[in-house]
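Worth saying up front: this structure is predicted, and the values here are computed from it rather than measured. FYI, side chains are in, hydrogens and waters are out, and symmetry mates aren't considered; it's all heavy atoms of this structure.
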Amino acid sequence: MPTTRVLISGASIAGPALAYWLDRYGFQVTVVERAAGPRPGGQAIDVRGPALEVCERMGVLEEIRARRTGLRGMSMVDDAGRELFRTTGHTASGGDLSRPDIEILRDDLSSVLLAAGGDGIEYLFGDAIASLAQGPDEVAVTFHRGRPRSFDIVVAADGVHSSTRALVFGPEENFIRHLGGYLGVWTAPNYLGLDRWQVIYEMSGGVPGGIVMSVRDNTEARVYVGVESDEPPARILGSRTVSEQKQLLADRYKDARWEMPRLLEYMWGRPISTSTCWRRSTWTAGPVAGWPCSATRVTAARPWPGRAPAWP
């Protein structure tokens with residue numbers, strides 16, 4: 001019996017994790033990724049619930065624990081940097097610190113999963129699917145750079161705004177349920193000297209002004225800012241260049257104080273991620289499957305009453 005050939009689009013979290021298991025069950029797996037290599041950056045995400053058991057079965061749980069953010073707590077400051085709130089029980093990104101969840105940077109988790117897959121998985125970096133033609137027995141795939149090939153199954157695991165998923169199900173605006181906000185995340189030096197700590201900045205009038213947290217044994221920091229907008233992603237992101245997206249954030253926070261002006265200077269050249277979720281009744285079309293949402297699960301603080309956040 002011939003080996004089943006599987007093409008996975010996306011090499012961040014879901015793609016390498018799926019590739020790991022398919023390879024071990026005898027499938028011939030190819031993963032294609034638009035980026036030239038593993039993508040750096042991104043938010044901190046949580047490994048929780050059944051994912052902890054899966055990671056243990058993959059033999060990567062201890063390495064993931066070793067790379068966890070290890071945050072001890074968080075505080076909130078105002079425009080002048082005065083501390084308004086402090087807790088060692090919760091963080092805005094990871095929630096309740098007493099839970100067994102593991103908070104880890106997206107790119108750190110991705111690198112662990114990529115390494116776990118081994119040499120049996122074929123990775124095609126710097127390329128992407130250009131077209132899909134479903135036949136009676138296989139899917140004919142053309143790539144933007146590589147030669148055409150055929151596969152038995154194609155899986156779209158290339159993020160919320162999956163171009164592969166759009167080839168099968170149509171434009172994303174027909175299926176996305178926009179959550180009303182956009183999130184920008186970038187790396188900055190830990191010049192604040194944060195020690196496994198997270199700081200929420202609250203602007204005048206109680207307006208959230210951003211989050212900064214130390215990561216990777218305090219050697220760097222990750223900065224989070226958001227923009228509330230009802231504009232759909234295809235309009236607010238698709239019609240803007242990366243620099244214009246950064247300018248949107250810069251304009252939104254032009255009146256910010258505390259350390260935000262300096263932190264915003266480190267934003268240029270960093271990617272913007274979006275908070276959106278897919279809404280569909282089915283995730284397959286013949287031998288093509290579309291991963292239902294972003295591969296990462298992000299835990300974010302809900303709007304807080306007064307000065308104390310209401311945690312997930």
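A distance of 14.5 Å separates CG in L22 from CZ in R5, rounded to the nearest 0.5 Å. Considering CD1 of I200 and CZ of F85, their distance stands at 8.5 Å, rounded to 0.5 Å. Here L124 contributes atom CG and R145 contributes atom CZ; the two are 10.5 Å apart, rounded to the nearest 0.5 Å. Between the CZ atom of R67 and the CG atom of L109 there is a distance of 9.5 Å, given to the nearest 0.5 Å. Considering CG of N218 and CZ of R196, their distance stands at 7.5 Å, rounded to 0.5 Å. Atom CH2 of W186 is separated from atom CH2 of W268 by 10.0 Å, given to the nearest 0.5 angstrom.
You'll find the side chain of V32 stays beyond 4.5 Å of the side chain of T164, heavy atoms only. Taking 4.5 Å as the limit, some side-chain heavy atom of L113 sits within range of a side-chain heavy atom of M58. Using a 4.5 Å heavy-atom threshold, the side chains of D158 and R34 count as separate.
Checked against R252 for a side chain to side chain contact (heavy atoms under 4.5 Å, CB included), the options V227, L264, V225 give a single hit: V227.
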TODO: Take Y201 and I211 through the test side-chain contact (heavy atoms from CB on, under 4.5 Å) and record every step on the way to the result.
DONE: CA-CA 6 Å; Y201 163 50; I211 299 173; over 6 Å; no

TODO: Show your reasoning for whether side-chain contact (heavy atoms from CB on, under 4.5 Å) applies to V199 and L192.
DONE: CA-CA 10 Å; V199 180; L192 293 171; 5.8 Å; no

Open item on the list: Determine whether L84 and E202 satisfy the following criterion, side-chain contact (heavy atoms from CB on, under 4.5 Å), listing intermediate values before the conclusion.
Closed with: CA-CA 9 Å; L84 308 173; E202 183 182 76; 3.6 Å; yes

Open item on the list: Does I102 form a side-chain contact (heavy atoms from CB on, under 4.5 Å) with L61? I'd like the steps, not just the answer.
Closed with: CA-CA 9 Å; I102 301 173; L61 185 59; 3.7 Å; yes

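Using modelled atom types, one finds no donor on one side chain facing an acceptor on the other under 3.5 Å when comparing T4 with D152. Side-chain polar atoms of Y191 and E259 form a donor-acceptor pair below 3.5 angstrom. Side-chain polar atoms of S110 and S12 form no donor-acceptor pair below 3.5 angstrom. There is a side-chain donor-acceptor pair under 3.5 Å between S204 and D79. Counting only N and O atoms by type, the side chains of T69 and R222 include no donor and acceptor under 3.5 Å apart. Between S98 and D96, the side chains place a donor N or O and an acceptor N or O closer than 3.5 Å (distance only, hydrogens not considered).
Ion pair R149/E122 flagged as a salt bridge, since at least one NZ, NE, NH1 or NH2 atom sits closer than 4.0 Å to an Asp/Glu carboxylate oxygen. At a threshold of 4.0 Å, the pair R99-D46 does not count as salt-bridged, since none of the basic side-chain nitrogens sits closer than that to a carboxylate oxygen. Ion pairing between R65 and E62 holds under the 4.0 Å rule for side-chain N and carboxylate O.
Connection of I104 to L97 is not established within any shared hydrophobic cluster, with ILVMFWY side chains joined at heavy-atom distances below 4.5 Å, either directly or through further cluster members. Note on Y253: it clusters hydrophobically with V77, by side-chain heavy-atom contacts below 4.5 Å among ILVMFWY residues.
Side-chain atoms of Q28 never come within 3.5 Å of backbone atoms of T3 as a donor-acceptor pair (strictly under, hydrogens ignored). A donor-acceptor contact shorter than 3.5 Å links the side chain of Q198 to the backbone of A92. Within the 3.5 Å criterion, the main-chain N or O of R39 finds a donor-acceptor partner in the side chain of R106.
Of all the heavy atoms in G146 and D127, the pair that sits closest is N-OD2, 2.7 Å. Here the shortest heavy-atom pairing between P189 and A221 reads O-CB, 4.1 Å. The two residues C55 and V47 come nearest to each other via the heavy atoms SG-CG1, 4.0 Å. Minimum heavy-atom separation, G10 to P16: O-CD, 4.1 Å. Among all heavy-atom pairs drawn from L71 and S93, the shortest one is CD1-OG, 4.0 Å. Shortest non-hydrogen contact noted between D107 and G41 is OD2-N, 2.8 Å.
A cation-pi contact, defined as under 6.0 Å to the ring centre and within 45° of the axis, links R24 to Y20.
Taking a 6.0 Å sphere around CD of E220, one finds it holds more than 12 heavy atoms contributed by other residues, nucleotides or ligands. Summarising the local packing, CG of D137 is surrounded by 12 or fewer heavy atoms from other residues, nucleotides or ligands at distances under 6.0 Å. Annotation: E53, atom CD; neighbour count of heavy atoms from other residues, nucleotides and ligands within 6.0 Å does not exceed 12.
The ring-ring contact (aromatic ring centres under 6.0 Å, His included) analysis of residues 111-131, with sequence neighbours excluded, yields the pairs Y123-F125.
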